[in-house]
Amino acid sequence: MKLHRGPGLFLFLFLCALGASYVLASRMGYLDRLQERYFPSTREAVRLSPGDFPAGVAAPVADVASVPLRPVLIGFSPRGASAGLLVAAGGATTLDNPVPPPGAAQGLLKTAYALDARAVLFAKEDDLRHALAIGAENGGVDMATLSVDRLAAWAPSLRDAAPRTLMLVGRSRGQEALAAVGVPDLASLRGKRLGVYPYGSSHYFALWLLSRAVLATTADAPHLVATVLVARGDFAARYPDAVRRVLRGLLDTGQSVLKDPTAGARMLGEVAPYLGDPIEAIRSAPPATLADNRAFFGLSGEAPVTYDELFQSAAALFQKLKRGPPVPPAEDTKDLGALKYVSEARGP
């Protein structure tokens with residue numbers, strides 16, 4: 001029987017040659033080059049930022065216990081506990097006008113601890129967040145006093161600043177309040193809209209208030225809104241001695257304000273007249289003591305609510321409300337080395 005070569009044989013040979021060419025081109029890298037040229041990858045480019053590295057990598061090797069040659073800038077939004085900071089710094093300045101007026105009294109940080117520090121006033125807490133994010137070297141601040149709930153809410157946006165909580169500055173014991181017109185009681189708020197500034201600690205208080213429906217001011221929840229001192233991670237790593245001096249000074253002036261609030265109240269009234277009677281403002285948000293700090297951070301004693309509990313609960317709440325990406329654990333947001341040093345030096 002005679003065999004005839006049909007078109008299928010040529011097709012078979014063509015496919016074999018094509019397969020061999022594909023294998024050869026793949027091994028020699030020609031296919032990858034063609035793919036990159038005509039079908040570029042759609043993978044998102046990797047963006048690196050300072051937050052991808054430890055904050056202290058740029059600290060000098062032999063000179064880590066120094067203080068900066070420029071003023072240390074500590075940002076704050078006025079509260080009763082701010083009186084201690086004002087006494088420590090000798091008053092308040094602004095980023096637009098950072099130089100104290102001629103004849104201004106020097107604060108305790110300068111006279112007792114040889115540290116030039118400025119308390120920088122911010123009317124809006126969101127502006128304070130931005131200043132902490134960019135740092136004093138870029139027109140911002142080195143440190144800031146923030147409520148723990150704000151730190152939890154802003155942690156993702158402050159990632160590159162790597163803020164570290166250093167100490168408890170004070171707690172609100174009535175500074176925040178809920179006001180309403182034509183509402184006889186809290187139960188009457190059901191089904192109504194509540195206006196609240198979303199970038200302040202009053203937002204956190206309002207959420208807590210609505211969850212309980214029995215509170216009127218933070219005097220009913222004195223452990224809810226806690227203000228802490230935070231520092232940029234690079235500043236804390238570069239100038240640990242400056243951090244220790246700031247903590248000593250704030251503890252000293254906080255104690256003096258608790259004993260006699262006159263000087264602190266005068267300064268607080270000058271920078272924040274909208275708080276009303278400055279003496280009452282200090283009473284409703286007094287400066288924290290060393291014992292308060294030890295208990296709040298779990299160093300000694302007991303506190304109804306610790307820093308870790310407050311931070312994690314606030315972070316979980318904002319996640320529940322779907323406000324931004326996940327935040328780091330509380331342990332990664334604090335640096336208690338300076339507080340422990342000062343606490344041990346001062347004894348029980």
(message) Show every salt bridge (charged side-chain N to carboxylate O under 4.0 Å, His left out) that has at least one partner inside residues 133-144, sequence neighbours left out.
(response) R70-E137, R70-D142

(message) Using the side-chain contact (heavy atoms from CB on, under 4.5 Å) criterion, which residues pair with A226? Sequence neighbours excluded.
(response) V148, L168, R171, F296, L310

(message) To the nearest 0.5 Å, what is the distance between CZ on F311 and OG1 on T306?
(response) 12.5 Å

(message) I'd like to check the side-chain contact (heavy atoms from CB on, under 4.5 Å) partners of M143; sequence neighbours left out, ordered by chain and number.
(response) I74, L166, L229, A231, F235, V243, V246

(message) Could you check whether D260 and T262, counting side-chain N and O atoms only, form a donor-acceptor pair closer than 3.5 Å?
(response) yes

(request) Measure across L268 and G80 and return the closest heavy-atom pair with its distance rounded to 0.1 Å. (result) CD2-CA, 4.0 Å

(message) Distance check, rounded to the nearest 0.5 Å: H130 atom NE2 versus S157 atom OG?
(response) 11.0 Å

(request) Identify the heavy atoms of A315 and A152 that sit nearest to each other, and give their distance. (result) N-CB, 3.9 Å

(message) Whether the side chain of R245 engages the backbone of L109 through a donor-acceptor N/O pair (distance < 3.5 Å, no angle test) should be reported.
(response) no

(message) According to salt bridge (charged side-chain N to carboxylate O under 4.0 Å, His left out), who are the partners of D335, at least two apart in sequence or on a separate chain?
(response) none

(request) Considering non-hydrogen atoms only, spot the tightest contact between A81 and G170 and give its length. (result) CB-CA, 4.0 Å

(request) Indicate if L128 and Y274 have the same hydrophobic cluster label, given that clusters are the connected sets of ILVMFWY residues with side-chain heavy-atom separations under 4.5 angstrom. (result) yes

(request) List for me each residue that meets salt bridge (charged side-chain N to carboxylate O under 4.0 Å, His left out) alongside E309, sequence neighbours excluded, and say none if there are none. (result) none

(request) Spell out, yes or no, whether L299 and L247 are grouped together once hydrophobic residues are joined by side-chain heavy atoms under 4.5 Å, including indirect joins. (result) yes

(message) For a 4.5 angstrom cut-off between non-hydrogen side-chain atoms, does L121 reach T93?
(response) no

(message) Distance check, rounded to the nearest 0.5 Å: L115 atom CG versus R244 atom CZ?
(response) 12.0 Å

(message) Going by side-chain hydrogen bond (donor to acceptor under 3.5 Å, both in side chains), name the pairs with one or both residues in residues 291-304, residues two or more places apart or in two chains.
(response) T289-D292, R294-S343

(request) Working to the nearest 0.5 Å, report the span between CG of L151 and CG of L158. (result) 7.0 Å

(message) Would a single hydrophobic cluster contain both V228 and L336, if residues Ile, Leu, Val, Met, Phe, Trp and Tyr are joined by side-chain heavy-atom contacts under 4.5 Å?
(response) yes

(message) I need the minimum non-hydrogen distance between I279 and P261, along with the two atoms involved.
(response) CD1-CG, 3.8 Å

(request) Check whether any side-chain heavy atom of L85 sits under 4.5 Å from a side-chain heavy atom of P287, and report yes or no. (result) no

(message) Once salt bridge (charged side-chain N to carboxylate O under 4.0 Å, His left out) is applied, do any residues pair with D308, and if so which ones, sequence neighbours excluded?
(response) K334

(message) If we ignore hydrogens and angles and just use 3.5 Å, is the side chain of N138 paired with the main-chain N or O of I134 as donor and acceptor?
(response) yes

(message) So which atom in S82 and which in S77 form the shortest heavy-atom distance, rounded to 0.1 Å?
(response) OG-O, 3.7 Å

(request) Applying side chain to side chain contact (heavy atoms under 4.5 Å, CB included), run through L132 and R232 and close with a yes or a no. (result) CA-CA 7 Å; L132 183 63; R232 286 178 54 89; 3.7 Å; yes

(request) Kindly write out the residues that satisfy side-chain contact (heavy atoms from CB on, under 4.5 Å) with Q106, not counting sequence neighbours, or none if the list is empty. (result) K110, T111

(request) Ignoring hydrogens and angles, tell me if any N or O in the side chain of R248 forms a donor-acceptor pair with the backbone of A112 under 3.5 Å. (result) no

(message) Quick check: do P329 and Q312 have side-chain heavy atoms less than 4.5 Å from each other?
(response) yes

(request) Applying side chain to side chain donor-acceptor pair (under 3.5 Å), run through S66 and R238 and close with a yes or a no. (result) CA-CA 8 Å; S66 61; R238 175 65 178 82; 3.0 Å; yes

Identify all side-chain donor-acceptor contacts of residues 250-257 below 3.5 Å with residues at least two apart in sequence or on another chain.
from : atom 1 : to   : atom 2 : distance (Å)
D252 : OD1    : R346 : NH1    : 2.9
D252 : OD1    : R346 : NH2    : 3.0
D252 : OD2    : Y113 : OH     : 2.5
T253 : OG1    : G84  : O      : 2.9
T253 : OG1    : G249 : O      : 3.0
T253 : OG1    : L250 : O      : 3.3
S256 : OG     : T253 : O      : 2.7

(message) Can you tell me how far apart OG (S172) and CG (L224) are? Round to the nearest 0.5 Å.
(response) 8.5 Å

(request) Return the set of residues passing side chain to side chain donor-acceptor pair (under 3.5 Å) with T333 (not counting sequence neighbours), or none when no residue passes. (result) Y307

(request) Report yes if the side chains of W154 and L146 come closer than 4.5 Å at any heavy-atom pair, otherwise no. (result) yes

(request) Could you tell me whether the side chain of V120 reaches within less than 4.5 Å of the side chain of F76, counting heavy atoms only? (result) no

(message) Minimum heavy-atom separation for A263 and V87, please, with both atom names.
(response) C-CG2, 4.4 Å

(request) Indicate, with yes or no, if L258 and L290 share a hydrophobic cluster defined by side-chain heavy-atom contacts under 4.5 Å among Ile, Leu, Val, Met, Phe, Trp and Tyr. (result) no

(message) With a 4.0 Å cut-off on N to O distance, would you call E344 and K340 a salt bridge?
(response) no

(request) Only counting residues at least two apart or in another chain, list the ones meeting side-chain contact (heavy atoms from CB on, under 4.5 Å) with A131. (result) L95, F122, V141

(request) Kindly write out the residues that satisfy salt bridge (charged side-chain N to carboxylate O under 4.0 Å, His left out) with R129, not counting sequence neighbours, or none if the list is empty. (result) D126

